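Following: one structure in structure tokens, then a few remarks.
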Amino acid sequence: MIKKTLITFSLLYLAIIWLAYLSQYLPIYIPIYIPGYISSLSLITFIMYAWDKRQAKQSTHKKVNRTSERTLQLLSLFGGWPGALIAQQWLRHKSQKRRFIGVLWLCIILNISGAGGVLYFLIGS
């Protein structure tokens, strides 16, 4: 149940950003690269999680290069958290590490707070 809720939350966030842009709810000077950037970075983050999951499975047989947790967390911090949350739930990768999950949720809170603050500043003034 929670798995579906978190995936829906991520997809809903992306949908709201695109709908706000396409319905011109956002100020006209917000260019398309904002929703495109977040969507692209989310896709890249999802792919990085999938790659790391694949490498983790192969690491039992041979030495492989894994994606560092710092890289995954930075991708989330810079806006790719929807892809990270989807990958974490769907692929079940990094879903048991409490510290990693805490950092991911901190990134989510910072991103949503930052986006809300920017929108409040832009629309409110």
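Because the structure is a prediction, the values reported are computed rather than measured. By convention here, the first residue in the shown sequence is residue 1.
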Using every non-hydrogen atom in the two residues, find where [X] and [Y] come nearest and quote the distance to one decimal.
X      : Y     : answer
Ala20  : Ser23 : O-OG, 3.5 Å
Asn111 : Gly79 : OD1-CA, 3.5 Å
Gln55  : Asn65 : NE2-O, 3.1 Å

Practice task
Could you tell me the separation between the CZ atom of Phe100 and the NE2 atom of His93, rounded to the nearest 0.5 Å?
Solution key: 7.5 Å
Practice task
Look up atom CD1 in Ile86 and atom CG in Leu91, then write down how far apart they are to the nearest 0.5 Å.
Solution key: 10.0 Å
Kindly work out whether a path of hydrophobic side-chain contacts (I/L/V/M/F/W/Y, heavy atoms less than 4.5 Å apart) joins [X] to [Y].
X      : Y      : answer
Leu85  : Leu106 : yes
Ile101 : Val103 : no
Ile16  : Ile112 : no

Completion exercise
Under a side-chain separation threshold of 4.5 Å, the hydrophobic residues clustered together with Trp51 are none
Practice task
Tell me, please, which residues at least two apart from Lys3 pass salt bridge (charged side-chain N to carboxylate O under 4.0 Å, His left out).
Solution key: none
Handout entry: For Arg54, all residues meeting salt bridge (charged side-chain N to carboxylate O under 4.0 Å, His left out), sequence neighbours excluded
Key = none
Fill in the blank from the handout: So salt bridge (Lys or Arg N to Asp or Glu O under 4.0 Å) across residues 65-86, not counting sequence neighbours, yields Asp52-Arg66, Glu69-Lys94, Glu69-Lys97
List the atom pairs, donor and acceptor, that lie under 3.5 Å between side-chain atoms in residues 40-49 and the rest of the protein, sequence neighbours left out.
residue : atom : partner : partner atom : Å
Ser40   : OG   : Gly36   : O            : 2.8
Ser42   : OG   : Ile38   : O            : 2.8
Thr45   : OG1  : Leu41   : O            : 2.7

Result block: side-chain N/O donor-acceptor pairs under 3.5 angstrom for residues 4-13, not counting sequence neighbours:
residue : atom : partner : partner atom : Å
Thr5    : OG1  : Met1    : O            : 2.9
Thr8    : OG1  : Lys4    : O            : 2.7
Ser10   : OG   : Leu6    : O            : 3.1

